[in-house]
2 protein chains.
Amino acid sequence: MSDTVQDPKKPSRKERELQFRVGLVLDAAEEVFAETTFARASVEDIAEKAEISVGTLYNLFRSKEDLYRSVVSRAQEGFFDRVQERLSEARGPLEKVHAVVSYHFEHFHRYARQFRLYVSATNGFQWELRSMLDSEAMARQMQFRTRLIDICQDGMDQGIFKRGVPADLLAINVASLPHPFLLVWLERDTIDLMTLLPHAVTMVDRLLGVD
Amino acid sequence: MSDTVQDPKKPSRKERELQFRVGLVLDAAEEVFAETTFARASVEDIAEKAEISVGTLYNLFRSKEDLYRSVVSRAQEGFFDRVQERLSEARGPLEKVHAVVSYHFEHFHRYARQFRLYVSATNGFQWELRSMLDSEAMARQMQFRTRLIDICQDGMDQGIFKRGVPADLLAINVASLPHPFLLVWLERDTIDLMTLLPHAVTMVDRLLGVD
DNA sequence: ATACGCGATGAAGGCACGTTCACTTTCTTG
DNA sequence: CAAGAAAGTGAACGTGCCTTCATCGCGTAT
């Protein structure tokens, strides 16, 4: 019998060809999903960009959601693989942390498009158009940011905050410092948010360089 | 002629009643939008929760998008108003920064539901279900986090990183430190991402407490 | 050369949902 | 109290889009 039992490590030519084709489709899907949200991206657009028909797309993936998951997963895998690489090259904790931070910058410098997917993978967010925001809301947002920049500038001028970083970057970092804490809180709904506050204060103080 | 010219400062009873009703509808809409994304939230659900018909909803708001904008705008306004309050009470830059951070915690402790809207307003993100993520992707995410926690713990044990904060919180802060920089970069597409890296490194060093 | 099988195709099905509008109910006013 | 205005209603409409499936084209084996 022509029992085509293959070496399980080495998939057949057919199999490899399939994986290659799937990869091309994922490329196209990544491009489309990166441009908008999951809901707004259309299967037809993806099929067209991949130069296959919608039917074929559904032969390769069970559903739009399945396709999206695969795209995000692949992008995330690529990202983390490279981070791990850097981590294993780096010696000592400080160097390792620097490697992680640096690689974030390098990665999105190269694959700028993937940023939306990255956010989706790490936080469960999806992008929406900024234009969804009221112009009033935009204005308030800007006003608040300016206010915070001024405060940081004052602190530095008065020698209370450590110098060495532009005031606007410092301000933006301060403003987004609560976010990771809030995300942690949402993740484990057992903990009380307020118990995290002291730690957050410690972290801002470090950012500002106050003892 | 019964020219009902009103004192422009004091709207008519009708007008005030309308505003009150609009407020109730916004409450309902906030609840629904906070539960899912803009795309997934349905106008019918909102109308039902507000105990009005879909038609009435469309008498009050031009479109679903208009409604969403109003909800976000109102939530954001409430948030910023209170922050400004705290800011004006606080004396000196450090106290002001502390006030801002503290209020983030207080606010979402009280209005936990608004978190999604807050993110939407500040970053232009929308939430998606976590379940959209591959289980593999989840695992990778977790693995990376654990790796980073270990590194932070090592650093603290070796006396390289400053103590005083749980290793997991430190790790999460390190991991999300690049985010504000990336958002700044996306906002002003004129700048080169890599020019921001040195500042990011400075900020991590401060977070870690290395000189 | 012919028959067979497997993947590709895209038009049609079906559904979900935003929006409208003719009709009804409620309120106002003379 | 009646007539007219204003506001409320929800069924119907239109649109967009995911998914399916009968059909087709092409390579392979006999």
Side-chain angles (χ1 to χ4, degrees), chain A residues 1-4 6 11-29 31-33 35-72 126 128-129 131-132, chain B residues 1-6 11-26 28-29 31-33 35-72 126 128-129 131-132:
Chain A
M1 46 165 106
S2 66
D3 199 7
T4 46
Q6 298 281 340
S12 66
R13 182 180 61 82
K14 265 286 171 66
E15 185 61 29
R16 273 177 293 137
E17 269 180 19
L18 181 72
Q19 286 312 316
F20 180 70
R21 297 205 24 143
V22 166
L24 292 181
V25 174
L26 287 177
D27 288 342
E31 234 177 288
V32 174
F33 281 133
E35 263 161 31
T36 45
T37 60
F38 173 77
R40 283 168 130 87
S42 94
V43 173
E44 254 173 275
D45 284 356
I46 294 168
E48 195 183 346
K49 189 151 267 175
E51 294 174 58
I52 59 172
S53 72
V54 181
T56 306
L57 191 61
Y58 273 83
N59 284 341
L60 300 174
F61 298 92
R62 262 197 315 287
S63 66
K64 184 185 175 186
E65 211 172 300
D66 185 39
L67 174 58
Y68 183 76
R69 261 195 283 268
S70 301
V71 168
V72 172
Q126 284 270 100
E128 268 298 332
L129 313 178
S131 63
M132 272 257 154
Chain B
M1 44 164 102
S2 66
D3 199 9
T4 46
V5 168
Q6 299 279 341
S12 65
R13 184 179 61 81
K14 264 283 173 69
E15 185 61 28
R16 273 177 292 138
E17 270 180 19
L18 181 73
Q19 285 313 315
F20 180 71
R21 297 205 24 146
V22 167
L24 293 181
V25 175
L26 287 177
E31 236 176 287
V32 174
F33 280 133
E35 263 161 32
T36 46
T37 59
F38 173 78
R40 282 167 131 86
S42 93
V43 173
E44 252 173 278
D45 283 357
I46 294 168
E48 195 183 347
K49 189 150 268 175
E51 293 174 60
I52 59 174
S53 73
V54 182
T56 305
L57 191 61
Y58 272 83
N59 285 341
L60 299 174
F61 298 92
R62 262 197 314 287
S63 67
K64 185 186 176 186
E65 211 172 299
D66 184 38
L67 174 58
Y68 182 77
R69 261 194 282 268
S70 300
V71 168
V72 173
Q126 284 272 101
E128 269 298 335
L129 314 179
S131 63
M132 273 255 155

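Within every chain, numbering begins at 1; the chains are lettered A, B, ... in the order of the sequence lines, protein sequences first and strands thereafter. Everything numeric in this text was worked out from a predicted model, so none of it was measured.
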By side-chain hydrogen bond (donor to acceptor under 3.5 Å, both in side chains), A:Ser53 pairs with (sequence neighbours left out) A:Thr56

Less than 4.0 Å between a side-chain N and a carboxylate O, is that true for A:Glu65 and A:Arg69? yes

Interatomic distance where CD1 belongs to B:Ile46 and C1' belongs to C:dT19 [whole Å]: 14 Å

Given side chains that start at C-beta, do those of A:Leu60 and A:Leu18 come closer than 4.5 Å, heavy atoms only? yes

With sugar-phosphate meaning primed atoms plus P, OP1 and OP2, does A:Arg21 contact a base, only sugar-phosphate, or nothing at under 4.0 Å between heavy atoms? sugar-phosphate

Taking side chain to side chain contact (heavy atoms under 4.5 Å, CB included) as the definition, give me every residue that meets it alongside B:Asn59, ordered by chain and number, with sequence neighbours left out. none

Whole-Å distance, A:Lys64 NZ to C:dC15 C1', equals 14 Å

Between CZ of B:Phe38 and P of C:dG18 the distance, given in whole Å, is 8 Å

Using side-chain heavy atoms (C-beta onward) and a distance below 4.5 Å, is A:Leu24 in contact with A:Arg21? no

Measure from CZ on B:Phe61 to P on C:dG18 and round the result to the nearest Å. 15 Å

Counting only heavy atoms and a strict 4.0 angstrom limit, can you tell me which residues of residues 50-59 of chain A come near DNA chain D? A:Val54, A:Tyr58

Does B:Val25 reach the side chain of B:Phe61, with side-chain heavy atoms less than 4.5 Å apart? yes

Is any side-chain heavy atom of A:Leu67 closer than 4.5 Å to a side-chain heavy atom of A:Leu26? yes

For a quick check of understanding: with a heavy-atom distance under 4.0 Å over all strands, which category does A:Ala47 fall into, base, sugar-phosphate or nothing? nothing

Just how far, in rounded Å, is C1' of D:dT19 from CG of A:Asp45? 16 Å

Give the rounded distance in Å between these two atoms: CD of A:Glu17 and C1' of C:dA8. 15 Å

Rounded interatomic separation in angstrom, taking CZ from B:Arg62 and C1' from C:dG18: 15 Å

Minimal heavy-atom distance between A:Ser63 and A:Tyr58, with the atoms involved, is CA-CE2, 4.0 Å

I'd like a table of atom pairs between the protein and nucleotides 22-24 of chain C - only N or O on both sides, under 3.5 Å - with the distance next to each one.
none

I'd like a list of close polar pairs between nucleotides 12-15 of chain D and the protein, N/O only, cut-off under 3.5 Å.
none

Whole angstrom value for the distance that separates C1' of D:dC18 from CD of A:Glu65: 12 Å

Heavy-atom closest pair, residues A:Phe38 and A:Lys64: O-NZ, 2.9 Å

In a table with atom names and distances, give each donor-acceptor pair under 3.5 Å that connects a side chain of residues 44-52 of chain A to protein atoms at least two apart or in another chain.
none

